[in-house]
Amino acid sequence: MLTRRQLLGGAAAGLAFALARARSAHAIGPGSKFRFGHLQLGPGTSWNPRPSALKKLSWEVQKRTSVDVDDPVIVTPTSDTLHETPFVYLTGEKAIEIPSNAGVEALRRFLTFGGFLLIDSAEGSTDGPYAGSVRKLISAIFPPPAKSLEIIPEDHVVYKSFYLLDKPVGRLAIAPAMEGVIRDGRLVCAYIPNDLGGAWARDDFGNYDFPCEPGGEKQRELSFRLAINLVMYALCLDYKSDQVHVPFIMKRRRWKPDDGASSPTK
Amino acid sequence: MNIALFSMSSRIAIAIAAVVLVIATLIAVRRGRSRVASVLGVGALAAIGALAGEGLVALTVRLAAPAAADFNEYRWVFLSPYGRWGLYIGMLVVGAIVALSWRSSRGAAPWRRATLIGLRGAAAVAAMVVFLEPAVELRQVAREPNRIAVLIDDSKSMSLAESTQGPTRIERVRRLIKNSQTTLTAWEREHKVDYYTFAETVSATSPAALAADPAQGRSTLIRKALEYVRSRYEGRDLAGIVLISDGAATGSFDEDSGDGAVRDFLRSLDTRVHTVWAARDGLKDVAVARVMADEFAFVRTVVRLEAVIRTTGLGARRVPVTLSTDGQPLREKQIDLPAGEHEVTVSFEVTPPRVGRYVYEISVPVAPGEAVKTNNTRSFVVRVIRDKIRVLQVAGSPSWDVRALRQMLKSNPNVDLISFFILRTQDSISLVPNDEMSLIPFPTRELFEEQLPSFDVIVLQNFEYLPYGMGDYLENIRSYVEGGGGLAMLGGAQSFTSGGYYGTPVAAALPVELYGPFDSGPIIDTQKFSPVLTGAGTQHPVTALRYSANDNLAAWKALPPLEGVNLVAGPKPDATVLATHPKLKTKSGKPMPVIVAGDYGKGRSLVFTTDTLWKYGFVAAARAGDNGRQYTKLWENSIRWLIQDPDLRNLHVDSDAVEYVPGAPVRVTVRLLGRDYQPLPNGEVALIVKRGANPSTAEQVQAVKLKVGDDGTAVYELGGLTPGVYRVQGSAKIGDRQIDASDIFLVREGGTELDRPVGDKSTLEDIAAATGGSALGPVDELPARLKMDPPRIVRVDRRTDIELWSRPGLLFLIVGLLGLEWLLRQRSGYL
C-alpha cells in the first residue's frame, strides 16, 4: 500500500525523469491549449475589477505545471465561443444582472456538459450586493429542487489535485470555506469570495497590485496554489483521488503466470 | 414313479447293517449273552423293518396310482392337523411302547424277545401312520433353465496388447471362450448362456460374432453394463454373471470400486459376478490422464490449468510437458516421472488475451514401446469472458482532450480505468517543497513491464516517452499489441514524430508511417479543419456514429471543426484510413490521414492525429439538441474495436457444444442480425469448416451456403468428423457490409477410454468379492466349478395325493402285527 509519505516523497523521483530537452509547447493548436474564459457579466467594467489577474494566473499555471496555457479570452453566456473555454472565471464588485433566459440556459448547458465556473469576488464582503446576485445567478442556473451552493469539504479532491491545501484564500480570507455546486459527483462551480483576482493582479512592473490580508505573501502563494488546483481539477477531475486506489487495482489483477514453466520459443 | 425313503447308499447301508446285526445276534446267543443278543436282534429287525416299510410305501403308491410313472416329483405331506408336533409326539409314543415292551419281555429268549419288541414297535409305527395321516403328493413338474450372462468388455482398451508380440486383450477373450467349451457345454444343461459385449452401451453377441469384434468402444462403463443385465433379467432367473474385462473402467468404477456406494450397488444386483481379467501386467504408457480446468476464465487474468500425467510400466525419466494453443506452444515444464505406475500433477498458468473459446492442448512426448500414443495429448476448451474493459490512459499533460476521455471512460461502468497524467515536468518551475504537493512518481516499470498485459487497451495521449526513461519499455508495448492488445495514440505536441516515436518499436505497431528526423517540412499543422470520412470510414466500426452510410456522413459533417494535426508520412500498407484532412496531403500526394485503424499481430492499433477530439463532445454540446454524444459514441466504438468485442457482431456462429466424440453430429447455429440487431430473415451465410489447431495451416473440410429463416437463424449439422480442432467460419453481407463470425470446437479421440489403458485387476476383484462371485484373475479357461444358482422357476403340470393311512391293508397290517405278537406272547407263556 502506498503511504502518503511514500507518495509525496516519491514525487521527486518521478520528476527527476524530466525532459531531456527544452520544450515550450504541449499542444498542437490553440484549440488544444488551456485558456481562461473571463465571463463578462455585470454593468460597465465591474465584471473586470482585476484586469491583469487572469493573465498573471495563466502564466503561473504555464510555469508551474505541464499544462499548455494560452491567453485568457472574454466570453459572454451567449457567445459562440463559450464552449471553447471550458474553464470560465466570473468576478465583480457590484451586483450582477441575471442574464436572459437564453443566457441562463447557455450557462446551464455549459456547466452540465463539462464546463467549470470559478466565481470570485472583489466586493470584499461575503454578503454584499454582488454576493447576493451570485447566489441568485446560481439559483437561476440550477433552480430548486436542484442543490444550490454548498460547502465543499476539506477532503474534496480539489484541495489535493496538485498542491495539498486545506482552505481557500485570496487577497482576503473572509470566507473560511469554498462553496460550490456539485452535479453528478463533479464540482461544476466553485464560489470563493476571497478576491482571488486581487491576490493575482500585478502591474506592468511586476509589482502585485494589492497586499494580501491577513497572511501576506504566504497567503498570495496559497491563492495561486488554489487556482492551480482548480485548473487541475477542471482538467483531471478526480484523477488524484483515483491514484490512491491504483496499487490495489493493480494487485487485484493477477495476469502474470507464476507456475515456474518456461515459454518455449515459437 | 418310485417312492424312496432312502437313497441307494442309505439303503445298502441299512441292508448291510441288518445282516451284520443278525450275525452279531447269533454270535451273542451262542455265547449266552442274551441281553446283548436281544438289543442286537431288535436292531436287526428294525433295519429289516425299515427296508420293508420303504418297499411297502412304494408298493402302496404304485397300487394306488397306476399312472405314477407320469409323475417326476413327489413330496411328503401330513393330512392330519397335528403337523410337525404330531410327528414328534408320535415318535415319543413309539419309543415309549418299545421301552415298555423291552421291560415286559424280560426273561424271554433273545430272538423271541427281539421279535416281540419288533412286532409291537412295528404295530405302533403303523398306528402312528393312522394317527398322522401321511400322504405322498405326486407331481408332474417342469424346470425352466436359468440364465448365465457373460459380459465381455469390447472397449478400445481391449484392443491393446501388453507387448508388441503378444495377443491383444480381446484376442485373449476369444481364446478363453474357445478353451472353455467343456464348461460352457456343462452350463448349457441347466442354464442358458447369453453373451453380451459392453463399452459405452451393451449389445447381445455370440462367440462367433466376437471373433470379428474389433473392440473399439469409447468407454468402459462396467456399472452401466451390470445395471443393464440386472434390468434385463428383472423377474427372471439369473444363475450368475461372468464379467470379462481388463478392468480399465471409465465412469463410476474408474476411481474406487471399493467404496460404499459401489458396494451397495453390487449387492443390489442379487447375483454372483465372477470376473476374468483379460489384461496382463507389463503395459507401457505415459498419458495425460486428466485435466482440471475451469470451463470459464476471464480475459487478461491468470487461469490455472492442471493436468495429471500418469506413467505405467516405464523406468524413471524426466519429460517435458507442453501447453499449446492454436498449434503454438505456450508454456513448458520438465517433470520427473518415477518408475512403475505413478501419477504426477503439473500445473500451468496462462493469461488469455482475448474473449472467446480457446482450445488448449497439454502433451507429453511418446516413450519407446508405448501401447497408446493418442493419450499423450489432451485437448480441452476454455471459454474466456470479460469482466471489465481495462484501459490504461497515459497523458503527457492535462488538457481538455485528456479530461474528456477520462470523463467518458470513468462514466462507463464496463470500463476499469487507470489514468496517469504528467502534471509537472522539469520545465515547470517549483519553489514548493514536495511534501506540499500531491504528486506521485510515474511508475513506468510497473505499468509498462509488470502490468502491461493486464490491460485491454492502452491510450497514449500526447505522451512523450523519452523524459521518463521509457525507451526500454517501448518493445513491451509493441509485443503487447502483437499479442492481442489494443493501442490508441492520440495527437499532440508530444505524439508521433514530435514525441520521438519514429523508428521505435511502438511506431512498428502503429498503422501509420511517421516522418523521420531527417525528413524536411513541418510535422504539425495548427489550422482548424473538419476531417473527411473515407469510403472505409463511412461504415467502419470505429467511425460508424450512425449505421447508415449516408446518416453517418451527415453526422460527421455536423460535428464542430477540430484544430491541429500531427503530420504523418502516410498509412501503413495494410492499414485502413478512416478519415483524412480536407486539405493537407502526404508527400506522396494522398490526403493526410487523421483517423487510421490497423491490425498488428493479434492486436489492433488506432491513431487519431489530433488532440482536439474533445470538441466533438463539449463544443458540440453548445448547440441545443446536441448533447455531445458523438464523442462518447466515437470512443465507445474505438474501445470496442480495439478489444475486438464479439458483442459487436451482427453474425453469430455457434456450435451446440464445445466437445464432441468422433462421428457425433455437430449442430452449428447461425444467427444473422440486421443493422438494428433484430433478426434478419432470408439472409445468406457462407460457412467454411476447417480442421486443425493452427489456424494458418488448418485444412478446409466443408463449405456450404445457408439461407437463414424468418427468425434469422439457420442450423447446419456436421457429421462424421474425425478427432481434431475445428473452426467454423461464417460470413455474410448486410447491405454492402461484409460481416464475419467464427466458432471453435473439439472432436476428441476415444473419449476418456484410453486415458488409463493399464489393466486394473483390483476393480474386478472388488466386484467379485462384493457379489459373492469368484475373481478368476488372468485365466485362459472358465472352470466348471464356478458356482451358479440353480434354476428356481418350476412349472407344475399335474399332481395327486396318495394317502397312506387310509389303505385297508394298513389296518390289516396293524391287526396282523399285534395278533402275531399276541400269539407269540401266548406261546411264550406270557399274557
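All values derive from a computational prediction rather than experimental measurement. Chain identifiers are assigned alphabetically (A, B, ...) following the order of the sequence lines, protein sequences preceding nucleic acid strands; residue numbering begins at 1 within each chain.
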*To the nearest 0.5 Å, tell me how far A:Thr65 OG1 sits from B:Ile422 CD1.*
12.5 Å
*Between CD on residue B:Gln407 and SG on residue A:Cys236, distance to nearest 0.5 Å*: 12.0 Å
_Looking at chain A, which one of B:Lys333, B:Gln334, B:Arg406, B:Arg623 has the largest number of heavy-atom pairs inside 4.5 Å, strictly under?_
B:Arg406
_Looking only at heavy atoms and a cut-off of under 4.5 Å, which of B:Phe421, B:Phe298, B:Phe348 has the most pairs with chain A?_
B:Phe421
*What's the spacing between B:Arg403 CZ and A:Tyr233 OH if we round to 0.5 Å?*
8.5 Å
*Taking every heavy-atom pair that is under 4.5 Å apart, which of B:Gly617, B:Gly628, B:Gly564 has the most such pairs with chain A?*
B:Gly564
*Can you tell me how far the CG atom of A:Asp68 sits from the CD atom of B:Gln494, to the nearest 0.5 Å?*
9.0 Å
_Quick check: do B:Lys615 and A:Glu84 have side-chain heavy atoms less than 4.5 Å from each other?_
yes
*Heavy-atom pair of closest approach, residues A:His83 and B:Val619*: O-CG2, 3.6 Å
*asked:* If you define the side chain from C-beta out and look only at heavy atoms, does anything of A:Phe162 sit under 4.5 Å from B:Arg424?
replied: yes
*B:Asn694 atom CG: more than 12 heavy-atom contacts under 6.0 Å*: yes
_Under 4.5 Å from any heavy atom of chain A, what part of B:Ser399 do you find: side chain, backbone, both or neither?_
both
*Do the side chains of A:Val67 and B:Pro398 get nearer than 4.5 Å, heavy atoms only?*
yes
*If you count heavy-atom pairs under 4.5 Å with chain B, which of A:Gly114, A:Pro86, A:Ala234 comes out on top?*
A:Pro86
*Where do A:Gly115 and B:Phe618 come nearest, in terms of heavy atoms and distance?*
N-CE1, 3.1 Å
*Do A:Ser32 and B:Glu563 have side-chain heavy atoms sitting under 4.5 Å apart?*
no
*Identify which part of A:Glu60 has an atom lying under 4.5 Å from any heavy atom of chain B, answering side chain, backbone, both or neither.*
neither
_Please determine whether the number of non-hydrogen atoms from other residues, nucleotides or ligands lying under 6.0 Å from atom NZ of B:Lys388 exceeds 12._
yes
*Side chain, backbone, both or neither: which part of B:Val565 has a non-hydrogen atom closer than 4.5 Å to chain A?*
backbone
*At what distance, to the nearest 0.5 angstrom, does OH of A:Tyr239 lie from CZ of B:Phe420?*
6.0 Å
_Can you tell me which of A:Asp184, A:Val231, A:Leu235 forms the most heavy-atom pairs within a distance under 4.5 Å of chain B?_
A:Leu235
*So what's closer than 4.5 Å to chain A heavy atoms on B:Asp525: side chain, backbone, both or neither?*
backbone
_Atom pair CH2 (B:Trp400) and CZ (A:Arg35), whose distance is rounded to the nearest 0.5 Å_ = 11.5 Å
*Compare all side-chain heavy atoms of A:Leu237 with those of B:Lys410 and state whether any distance is below 4.5 angstrom.*
no
_Neighbour count above 12 (heavy atom, 6.0 Å) for A:Glu154 CD_ = no
_Tell me if the CG atom of A:Asn101 is crowded by more than 12 foreign heavy atoms within 6.0 Å._
no
_Less than 4.5 Å to any heavy atom of chain B: does that hold for the side chain of A:Asp238, its backbone, both, or neither?_
both
_Which atoms of A:Ser161 approach chain B - backbone, side chain, both or neither, heavy atom under 4.5 Å_ = backbone
*asked:* Main chain of B:Ser397, side chain of A:Ser66: is a donor-acceptor contact present, judged purely on distance under 3.5 Å?
replied: no
